[in-house]
Structures are given as structure tokens and as C-alpha cells.
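First the structure, in the form of C-alpha cells, and then the observations on it.
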Amino acid sequence: MAVIELQGVSKVYTKGGESLVVLDNLDMKVEAGEYLALMGPSGSGKSTILNLIGGLDEADSGTIRVGDVEVTRLDDADLTSWRARHIGYVFQAFNLIPVLTALENVELPLLLTPLGKAERRKQAEYALEIVGLADRMDHRPKQLSGGQEQRVAIARAIASDPTILLCDEPTGDLDRESADQVLELLKRLSTEFGKTVIMVTHDLKAGEEAGRVLHLDKGVVEHATTA
Amino acid sequence: MSLGRLVRRHVGSHPVRAILTIGAVAVALFLFCFLRSIVTSLDAAVQESSSRRIITASAVSLFQSLPTTYLEAIEAIDGVESASRFTWFGGVYKEPSNFFAQFGTDPQTLMKQYPEIVIPEEQKQAWFNDRRGAIVGIGLAEKYGFKAGDTVPLLGTIYPRTDGSEWEFNIHGVYRSLRANVDEMTMYFHWPYLDESLENGTALGPRGTSVFLIRLADDYRGEDVSDAIDAYYAGGPQRTRTQPEAAFQADFVNMLGNLPTFLGMIGAAVLVAILFGVVNTMTIAARERMRTMGILKALGFPRQVPSRLYLMEAISFAALGGAIGMGVAWSTQGVFRSILGTQVPMYRVAPETFVWGCVICIVIGIVGGAVPAWNASRLHAVEALRRGA
């Protein structure tokens with residue numbers, strides 16, 4: 001059953017008076033628990049798809065449904081609240097807050113939940129255990145390697161137990177060894193924890209790890225490959 | 001983990017900037033308290049003056065002495081309970097820079113007229129009984145180390161001794177004042193000691209008295225008695241000008257010209273400058289934290305949270321700086337009372353000044369954080385992450 005469904009989605013950016021079609025009447029479905037990779041050249045619309053699904057950006061036309069919710073109908077406040085409960089983000093540049101420790105970074109999204117202080121800490125510690133960084137809880141981002149930073153970012157993304165993980169070039173800034181660890185972790189989150197993972201990547205190895213790959217070009221799905 | 005901790009970490013992440021900003025606010029709030037206190041302290045002397053006292057001076061000038069023969073006539077006027085002579089001595093203690101007020105007066109009458117002057121009974125009696133005796137305010141005593149039993153030499157400027165020597169006054173007591181209209185930086189001595197010296201030729205200077213301090217009898221209005229005194233001397237030999245104590249005090253404040261307005265303008269300019277400083281600091285901080293705010297939005301924090309963080313940070317700067325500035329203003333009152341001496345003898349920071357200080361801190365905090373808060377509320381998560389990269 002499709003947990004994410006995009007129908008006729010278009011997105012046009014205007015810059016310097018020129019219109020750039022990023023997504024052109026895109027249809028796409030993602031099954032629950034699926035590990036999907038989006039690949040394609042720069043400007044093909046991969047990251048825009050993630051931003052639209054996660055509600056960080058608005059489609060110009062078309063509908064986006066995630067579970068029972070039509071995301072395109074939510075106003076900003078509802079969208080923000082919905083995102084906090086259902087979406088976990090992993091960015092290429094990790095995007096950890098430098099003044100907070102690993103544990104505090106992971107605990108941050110839990111401030112949006114009704115959990116108490118002790119429960120938040122427990123859940124954040126558990127998330128760090130899952131990504132194998134229980135011994136780095138009190139380290140600040142600059143005290144961690146790139147791979148460790150990305151694993152902390154993944155722990156933060158899963159801390160509030162969202163159903164969907166949106167990963168934008170998660171291995172883009174990592175060496176091969178660290179990238180493999182992150183890919184293995186994402187796969188485990190999909191297979192073992194049932195998360196729906198959508199990953200934007202240029203990394204062929206990352207594409208091979210995914211269950212399905214959508215190849216995009218000029219805002220449309222050119223073809224799909226399945227593992 | 002809490003958003004408050006995030007604010008503290010952000011403040012602590014640039015300690016030099018934080019210290020400078022907090023320090024600037026502290027200096028501004030201290031200056032505000034200090035300048036406003038000068039004005040309010042001068043005003044307090046006027047506000048706390050007694051409506052039961054009037055002062056008679058020469059109609060020509062305050063610096064023109066009145067004949068002491070007026071005393072008996074004034075005391076005989078209906079509505080006058082008592083009158084005392086009060087002469088500005090203008091002596092110098094050791095060096096010209098050691099300037100403080102000295103007045104020759106009638107001690108027994110003065111102490112009845114001014115119940116707000118408080119001194120131990122035995123010290124008061126000792127003063128009454130010694131023609132060369134004097135009392136000093138607690139502020140003066142602390143500044144120069146005067147105490148009962150000391151002999152204070154003063155070089156006469158208006159009333160020099162003919163042999164060039166110093167006048168000697170025996171300190172018998174240290175007084176405190178219960179109201180701002182009487183300061184604690186003054187020395188009072190026997191007017192007859194001065195007059196006798198002029199009479200027997202051991203000192204030179206104008207005879208008479210600077211003013212008469214008059215206490216009204218019950219149920220008499222100051223205006224009526226003032227009019228009666230001035231009418232009595234309307235034909236000379238020297239015309240008088242009698243006014244309430246408050247008006248007399250106000251004349252002294254007015255001698256300073258537009259000082260209150262001038263001080264107010266300086267204070268306002270400093271506060272506006274500091275406000276710009278805080279806005280500048282917060283704007284720099286906001287630019288640096290663009291990505292952090294994007295992260296918070298991407299994580300699902302409502303749009304008002306980043307705004308709130310900036311406001312909390314700006315208010316933290318203002319509150320910490322304000323607390324330090326006002327704390328310094330509070331703890332240095334004694335020091336400034338001593339430094340300002342005769343100019344603002346009853347310098348004190350009034351409670352209303354601290355209330356205004358708190359209001360200013362809140363305004364600095366809110367206005368300082370408002371610009372980045374407003375920008376943050378309109379910031380798009382994707383845009384913030386891109387621009388902050």
C-alpha cells in the first residue's frame with residue numbers, strides 16, 4: 001500500500017525573470033517500509049521532491065498525500081506540527097547545532113512531543129545506541145568525525161519515531177567507509193524498524209543499496225530500477 | 001535539554017561579544033541611574049521642603065547680607081514662631097579643593113526649626129554650650145574623618161582673619177538628616193562666634209546675615225506671613241524677599257540652568273546608542289544562526305520558536321547588563337555622595353529610578369530582539385538552510 005503518493009505535481013522556480021521547471025506533472029508512489037533512492041543530474045528535481053513531501057516547500061500544482069493526510073492542503077502551522085510527528089530529515093551537511101552535544105541534538109525534536117525530561121533523555125540515548133554512538137553522547141559536533149556527525153543526525157531523525165525518513169545526499173560529504181556505515185544504517189532502519197526511507201543521492205553504491213531507484217531528469221521520472 | 005539551554009549556549013558561544021554587549025548595557029543603565037539620580041536628588045530637596053518654613057533674603061540678591069537687627073522685628077510679626085540667622089561662611093579646609101558648606105546660625109533655634117536634623121542629645125548640648133562649637137553631617141564626617149572632639153581649621157575667604165590665621169571650630173557632634181531638604185555634607189556653627197570676631201576686629205567681612213530661617217506658627221499660611229515681612233521692609237532700609245523653603249531650594253536648582261534637561265538628553269542618547277548596539281549584536285547573531293533556525297524549522301518547530309529564541313537572547317543581554325549597571329549604581333551611592341559633595345549633597349538612587357531602569361531593560365531587550373525575531377518568523381526553512389550553509 002502506498003504511504004506516499006504524488007499526483008500531477010509541478011514546481012517552477014523563478015530566478016532573474018526566468019522560469020525554471022523543476023518538477024513537471026510528476027506522479028510517484030512510495031510503499032510503506034520501502035527504501036527508495038532518487039537519482040539524477042543536478043537540477044532534476046530530486047531534493048525538491050523531498051522538500052515537498054516533508055512540507056518544507058509548496059507545490060505549484062498537484063496533490064501530495066502522505067498516509068491519510070493531503071499535505072498540500074495543510075496550512076503552515078498544521079504542516080509544521082505534522083512534520084514534527086511524521087518526518088525525519090537527514091541532510092548532506094548533517095545540520096547539527098554546533099553548540100549542543102550529540103545527546104542534546106538528538107533530544108531537540110523530542111521537545112515537540114509531550115514526553116517528560118527523563119523520557120526524552122532515555123529516548124535520545126536509545127536513538128544514539130541504535131546508530132552506535134552511545135559513547136559519544138556528550139561530544140559536540142566538532143569533536144566528531146563526519147561519519148559520526150551524520151549518524152548523530154540520523155539518530156535525531158529517528159528520535160521521535162517518525163514513519164518516514166527523508167535523506168538528502170546523506171553520504172555526499174563522507175568518505176567511502178563512513179558512507180557505507182551510513183547506508184547500512186539506513187537500510188537497517190528500513191528493514192528492521194519498518195521506516196520508509198527516501199534518499200536523494202548521486203552515489204551509485206547508495207543506489208545499489210536501495211530497494212528501488214527512480215531516475216529523474218528535467219522534473220520527470222525517466223525510468224525506475226528495482227533491486 | 002530545553003530551549004533556554006540553547007539560548008545560554010548561544011550566548012556562551014561568543015563570550016567576548018556577550019561580555020561586551022552586556023558590559024555596554026551595564027554602562028548605559030548605570031549612567032541612566034546616575035544621571036537621573038542627580039536630577040531626582042536635586043528635586044527631592046525641593047519636594048521634601050517643609051511648608052511650615054519660609055526664608056527671608058535680600059530682595060536685591062542672595063549675596064547681599066541683611067541687617068541682623070531685622071531679627072527682632074521679624075520675630076514680632078504675626079505668624080512667626082521663630083527666626084534664626086543663617087550666614088554662608090565659605091571657608092576652605094586645608095586646600096581650596098576641600099570645599100563644603102558652612103553656615104553660621106543660632107543653634108538652639110535651628111534645632112527647633114529643623115526636627116529632621118538628628119543628633120545625640122549630649123552632642124547637641126555640647127555644641128550649644130561652646131561658642132566655637134560646630135556640628136557636621138555624617139557624609140562630611142565620613143569624607144574628611146571628622147569626629148566629636150576634633151578641631152577643624154578653616155581659612156576664611158569671605159571672612160578672613162586679620163592676622164591671616166585660620167578659624168578654629170570644635171566639632172561636638174555628627175548629625176543625620178531624615179529628609180532630603182537638609183543634606184549631610186554641611187557644617188553648622190554659632191553665628192555669634194562669627195559676628196563677635198567681626199565686631200572686635202579679628203576678622204573682616206560683611207556684617208549681617210545671609211538669610212533668616214523662619215518657622216511659622218500653627219494655622220498661619222506662608223504666603224500671608226511672607227507678605228507681611230516683605231511689606232514691613234518695603235520702605236527699607238533694605239527690602240526683603242521672603243519665600244517658602246521649597247521655592248528657595250528651587251532657586252538653587254535653577255541656578256544650575258538647564259542641567260536636568262541636559263543630563264536627560266545625555267542619558268537618552270546613551271540609551272539609544274546602546275539600543276543600536278544590541279540590535280547590531282543580535283543582527284550579527286541572527287546571520288550566524290541562519291542555519292540553526294532552518295534546522296529548527298525543518299525539525300518541526302513552529303515559526304514563533306526561532307523568534308522567541310532571539311528575543312530571549314536579547315532580553316538576557318539587557319537583563320544581565322541592566323542588573324549589573326543598576327547594582328553598581330546602587331552600591332556606589334555613598335561614593336558618589338562623597339564625590340558630588342556640595343553640588344548634590346543628598347545624592348541617592350530612588351526606587352522609581354530602578355523601576356524605570358527595569359522598563360528600559362525590557363524595551364532594549366524587546367526592540368533589540370525584534371528585528372531578527374521578525375526576520376526569523378518569515379524565514380523559510382529551505383532558504384535558511386541554503387543561506388546558512
Side-chain angles (χ1 to χ4, degrees), chain A residues 13 47-48 50-52 54-58 75-113 115 117-118 120-121 123-124 137 140-142 153 156-157 159-160 162 166 168 173, chain B residues 1-19 281-282 284-310 312-313 316-317 372-389:
Chain A
Y13 288 116
S47 294
T48 303
L50 288 196
N51 292 338
L52 293 176
L56 292 180
D57 207 347
E58 288 177 25
D75 63 22
D76 188 60
D78 288 340
L79 196 59
T80 303
S81 166
W82 170 84
R83 183 164 63 239
R85 282 178 281 124
H86 298 284
I87 304 290
Y89 260 101
V90 179
F91 303 93
Q92 177 180 353
F94 324 134
N95 282 341
L96 298 176
I97 294 178
V99 294
L100 299 179
T101 64
L103 183 67
E104 288 165 345
N105 265 290
V106 176
E107 206 182 325
L108 199 58
L110 297 174
L111 292 175
L112 295 162
T113 68
L115 295 175
K117 190 178 173 184
R120 287 202 307 264
R121 186 181 169 93
Q123 199 156 321
M137 286 182 192
R140 294 216 179 166
K142 67 180 178 186
R156 180 180 64 188
S160 55
L166 302 177
D168 194 353
D173 282 1
Chain B
M1 178 57 200
S2 64
L3 292 175
R5 183 182 294 181
L6 182 56
V7 172
R8 287 197 297 278
R9 291 279 175 81
H10 276 146
V11 170
S13 65
H14 290 280
V16 174
R17 186 165 72 197
I19 288 169
T281 299
M282 291 309 302
I284 292 169
R287 203 179 308 136
E288 288 173 354
R289 297 199 199 116
M290 185 83 74
R291 178 186 284 224
T292 296
M293 297 308 154
I295 294 168
L296 291 176
K297 290 206 165 188
L299 290 178
F301 282 89
R303 62 167 56 232
Q304 60 267 32
V305 167
S307 306
R308 209 183 301 154
L309 290 176
Y310 286 130
M312 283 166 71
E313 189 171 338
S316 301
F317 283 139
W374 168 249
N375 289 337
S377 73
R378 295 184 308 161
L379 202 59
H380 199 274
V382 175
E383 181 66 12
L385 289 171
R386 191 182 301 135
R387 282 166 55 189

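Letters A, B, ... are given to chains in the order of the sequence lines, protein chains preceding strands, and every chain is numbered from 1. Side chains included, hydrogens not; waters and symmetry mates left out as well; all remaining heavy atoms used.
- Looking only at side-chain heavy atoms (C-beta outward), A:Leu108 and B:Leu296 come within less than 4.5 Å of each other.
- Heavy atoms of A:Ala93 lying under 4.5 Å from chain B belong to its backbone as well as its side chain.
- The structure places CG of B:Leu385 at 5.0 Å from CZ of A:Phe91, a figure rounded to the nearest 0.5 Å.
- Residues B:Lys297 and A:Thr80 have side chains not in contact (no heavy-atom distance under 4.5 Å, counting atoms from C-beta outward).
- Heavy atoms closer than 4.5 Å to chain B are found in the backbone of A:Leu96, but not in its side chain.
- In this structure, the portion of B:Arg5 lying under 4.5 Å from any heavy atom of chain A is its side chain and not its backbone.
- Of the two parts of A:Asp57, the backbone and the side chain both hold a non-hydrogen atom closer than 4.5 Å to a non-hydrogen atom of chain B.
- Heavy-atom minimum distance, A:Val99 versus B:Arg9: O-NH1, 3.1 Å.
- With values rounded to the nearest 0.5 angstrom, A:Arg120 atom CZ is found 8.0 Å from B:Ser2 atom OG.
- Evaluation of the salt bridge (charged side-chain N to carboxylate O under 4.0 Å, His left out) rule for B:Arg17 yields B:Glu288 as partners, not counting sequence neighbours.
- Summarising the geometry of A:Ile97 relative to B:Ile295, their closest heavy-atom pair is CG1-CD1, 4.1 Å, with the distance given to 0.1 Å.
- The neighbour count for B:Gln304 CD, taken as heavy atoms of other residues, nucleotides or ligands under 6.0 Å away, is above 12.
- Pairing each heavy atom of A:Leu56 with each of B:Ala298, the nearest pair is CD2-CA, 3.8 Å.
- If you measure heavy-atom distances from A:Arg156 to chain B, the contacts under 4.5 Å come from the side chain alone.
- Annotation: side chain of B:Phe301 is in contact with side chain of A:Leu112 (closest heavy-atom distance under 4.5 Å).
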